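The model shown is predicted, which means the values in this text are computed figures rather than measured ones.
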Amino acid sequence: MNAPIDRHGHVLDGFPLFGALQGLTVIDTGTVVAAPFACELAAEAGAQVIRVSLPDPDILELSPYRLQKGEASVSTWWAQENRNKLDMVLDLTMPESKEILGALLARADIWIESSRPGTYSERLGLTDEWALGNNPRLVVVHVSGFGQDGDPGTFKRASYDVIGQAFSGFMSMNGDPDGPPMKSNPFANDYVTALFALWSALAAHISVQRTGRGQVVDVAQYECQFKLLACGAMDYLMLGEEHPRTGNNDPSGLQPYGVYPTRDGYISIGAIGGPFLRLKQVVPGLDQDKLQTVVDQIVHAEEIRQLVVDWLADRSADEAEQVLNAHNIPCSKVMAAPDIARHPHYRAREMLIEWDDDIGGTIQGTGLVPKFSSTPSRVWRGAPTRGKDTEGVLDWLGYDESRIVELRKTGVVG
């Protein structure tokens, strides 16, 4: 597909062709984290992502963590999560906007939105039937807290990441045994929902190539998190067993498999089977005949744990990691941002990269995941300022200059 190019030359010189998703056009009307992050992943892989921003700022645009340029500033969230995207501002509450969004969807492959059910269909009059009428090959992805249907008293409830973690049962399984349920940071439910949203969008798009028919995908945040509970639901439904909170220890009770204190920090160790037999040669007191099998690691878990804790007590996390790695025992120092910033593997794998941002200048942030051998992803532009590409996108849709001026005057676009 052709890419939007501003006829004045001050928005884009052209859209580069790169990545595994080149030629794919995605419309992003998401808010906060899940849908925008799904679209960022697509944009990094070469998809042409057009973000339709609302006139009012998104919540995370107002984050206190900001990059400054004179009096202008941008949140680090916006700078990280919207790079490679095009941005136009469109007031979807105004009737004239329906024509513009319809024209966008007519040229798009995928539309990803996030809202409470009924926001688009009932309040704005933008139904699935209308969207597919504009483009019968379109994939529409709805991201919501509880899904597009279900129990009448539940599915239209408002939700955020922390609500999805609670409703899914995920939160009840995290935290110390004698402590309260624990949420996982940052935005664990939002980010895993983004992964489900993108893979399902691409799966539906592949179906379009086979059948010629678009479809609607219903992504409920709580269900994405619930899907990650392993056998937790089955164990309760079939065995009546409820998984307790075990903090940093393995739910089965096996040791050592968890997080342990060192002299100056914490280290994570996972030694099961063969690695445990190697650990016996490292940690004094572990080399006992009764400690051989995985079952032994569960039966004698507390004794094993105490011996490991005692061994770590007078070692730094770095020293312990070096010894354990030398014996091929899975482990990692619990890394914080300063550790990550100076670790050579993050640099060698290009997981800390630089790119140019309109406000932040040359900035550093998270690199690209995963690595493609033949169609590598890239960052070709920083996150756009809000509405930066409005004229370019409208021009691409065939609107002439006088019509664009009119739309600006009436506040339909910005």
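By the neighbour-count criterion of 12 heavy atoms within 6.0 Å, atom OH of Tyr266 is sparsely surrounded, having that number or fewer from other residues, nucleotides or ligands. More than 12 non-hydrogen atoms from other residues, nucleotides or ligands lie less than 6.0 angstrom from CD of Glu302. Counting heavy atoms of neighbouring residues, nucleotides and ligands inside a 6.0 Å radius, atom OH of Tyr346 does not exceed 12 of them. The environment of Phe196 atom CZ is dense: over 12 non-hydrogen atoms of other residues, nucleotides or ligands sit within 6.0 angstrom. Counting heavy-atom neighbours within 6.0 Å of Arg157 CZ, excluding the residue itself, gives a total above 12. Around the CD atom of Gln292, the shell of radius 6.0 Å holds more than 12 heavy atoms that belong to other residues, nucleotides or ligands. In the displayed structure, Glu96 atom CD is contacted under 6.0 Å by more than 12 heavy atoms of other residues, nucleotides or ligands.
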#### Entry: Stepwise salt bridge (charged side-chain N to carboxylate O under 4.0 Å, His left out) check, Asp357 with Arg381
CA-CA 7 Å; Asp357 183 84; Arg381 77 176 331 208; over 6 Å; no
#### Entry: Derivation and outcome, side-chain hydrogen bond (donor to acceptor under 3.5 Å, both in side chains), residues Ser63 and Glu61
CA-CA 6 Å; Ser63 165; Glu61 287 183 67; over 6 Å; no
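Between Val216 and Leu132 there is a side-chain heavy-atom pair separated by less than 4.5 Å. At least one side-chain heavy atom of Pro256 sits less than 4.5 Å from a side-chain heavy atom of Gln297. Contact of the Val26 side chain with the Asp109 side chain is not registered, since no non-hydrogen atoms from C-beta on lie closer than 4.5 Å. For the pair Lys388 and Asp358, the minimum side-chain heavy-atom distance is below 4.5 Å. When side chains are defined from C-beta on, Tyr257 counts as touching Ile272, because their heavy atoms get closer than 4.5 Å. Side-chain contact between Val295 and Val299 is present, with heavy atoms from C-beta onward closer than 4.5 Å. The side-chain heavy atoms of Tyr160 and Ile59, taken from C-beta on, include a pair separated by under 4.5 Å. Inter-residue side-chain proximity for Leu286 and Leu291 is flagged as met; some heavy-atom pair is nearer than 4.5 Å.
When all heavy atoms of Asp87 and Pro384 are compared, the closest pair comes out as CB-CG, 3.4 Å. Across Ala194 and Ala38, no two heavy atoms sit closer than the pair O-CB, 3.4 Å. For the residue pair Lys333 and Ile267, the shortest heavy atom distance occurs at N-CG1, 3.9 Å. Smallest separation of non-hydrogen atoms from Cys331 and Asn325: SG-OD1, 3.7 Å. Residues Val219 and Cys224 approach most closely at CG1-SG, 3.6 Å, considering heavy atoms. Closest approach of Ser73 and Ile359 over heavy atoms only: O-CD1, 3.8 Å.
Side-chain polar atoms of Ser53 and Arg51 form a donor-acceptor pair below 3.5 angstrom. A donor and an acceptor atom, one from each side chain of Ser316 and Asp318, are nowhere located under 3.5 Å apart. Side chain to side chain, Tyr260 and Ser268 fail the donor-acceptor criterion of an N or O pair below 3.5 Å. Using a 3.5 Å distance cut-off with no hydrogens or angles, the side chains of Ser377 and Glu44 do not pair a donor with an acceptor. Using a 3.5 Å distance cut-off with no hydrogens or angles, the side chains of Tyr399 and Glu99 do pair a donor with an acceptor. No hydrogens or angles considered: nothing links the side chains of Gln255 and Asp250 as a donor-acceptor pair under 3.5 Å. Between the side chains of Gln225 and Asn189, at least one donor-acceptor pair of N or O atoms lies under 3.5 Å. Asn82 and Glu40 form no side-chain donor-acceptor contact under 3.5 Å, judged by distance and modelled atom types alone. For the 3.5 Å distance criterion, the side chains of Asp296 and Thr293 qualify, holding a donor opposite an acceptor.
For Lys156 (side chain) and Arg116 (main-chain N/O), no donor-acceptor pair under 3.5 Å exists by modelled atom type. Under the 3.5 Å distance criterion, the side-chain polar atoms of Ser97 are matched with a main-chain donor or acceptor of Asp91. Side chain of Asn135 to backbone of Leu105: a donor-acceptor contact under 3.5 angstrom is found. A donor-acceptor pair is defined here as one N or O able to donate and one able to accept, closer than 3.5 Å; such a pair exists between the side chain of Asp58 and the backbone of Val32. Between the Gln48 side chain and the Ile50 main chain, no donor and acceptor come within less than 3.5 Å of each other. Judged by distance alone, with hydrogens and angles left aside, the side-chain atoms of Asp235 form no donor-acceptor pair with the main-chain N or O of Glu241 at under 3.5 Å. Looking only at distances, no side-chain donor or acceptor of Thr76 sits under 3.5 Å from a matching main-chain atom of Arg66. The main-chain N or O of Pro36 is found under 3.5 Å from a side-chain atom of Lys85 such that the two form a donor-acceptor pair. In terms of modelled atom types and a separation under 3.5 Å, the side chain of Asn84 and the main chain of Ala43 share a donor-acceptor contact. Side-chain N or O atoms of Thr119 include none that pairs as donor or acceptor with a backbone N or O of Ser115 at under 3.5 Å.
Here OG1 of Thr362 is found 6.5 Å from CD of Glu354. Values are rounded to the nearest 0.5 Å. The CD1 atom of Ile340 sits 11.0 Å away from the CZ atom of Arg347 when rounded to the nearest 0.5 Å. Atom CD of Glu321 sits about 10.5 Å away from atom OG1 of Thr262, to the nearest 0.5 Å. Atom CZ of residue Arg403 and atom CG of residue Asp395 lie 14.5 Å apart, to the nearest 0.5 angstrom.
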Using residues 365-375 as the side-chain source, report each donor-acceptor pair under 3.5 Å to any protein atom, sequence neighbours left out, with the distance given to one decimal.
from	atom 1	to	atom 2	distance (Å)
Lys371	NZ	Arg349	O	3.0
Lys371	NZ	Leu368	O	2.8

Below 3.5 Å, can you tabulate the donor-acceptor pairs from side chains in residues 162-177 to any protein atom, sequence neighbours excluded?
from	atom 1	to	atom 2	distance (Å)
Gln165	OE1	Ser184	N	2.8
Gln165	NE2	Asp161	OD2	3.0
Gln165	NE2	Ser184	O	3.0
Ser168	OG	Gly164	O	2.9
Ser168	OG	Gln165	O	3.2
Ser168	OG	Phe170	N	3.2
Ser172	OG	Gly169	O	2.7
Asn174	ND2	Phe170	O	2.8

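Ion pairing between a basic and an acidic side chain is recognised when a charged N comes within 4.0 Å of a carboxylate O; Glu406 and Lys409 show no such pairing. A salt bridge does not link Arg83 with Asp356: every distance from a Lys NZ or Arg NE/NH1/NH2 to an Asp or Glu carboxylate oxygen is 4.0 Å or more.
Judged by a 6.0 Å distance limit and a 45° cone about the ring axis, Arg107 is positioned over the six-membered ring of Trp396.
Below 30°, between 30° and 60°, or above 60°: for His343 and His345 the angle between ring planes is above 60°, a perpendicular geometry. Using bins of under 30°, 30° to 60° and over 60° for the plane-to-plane angle, the ring pair Phe187/Tyr191 lands in the tilted bin.
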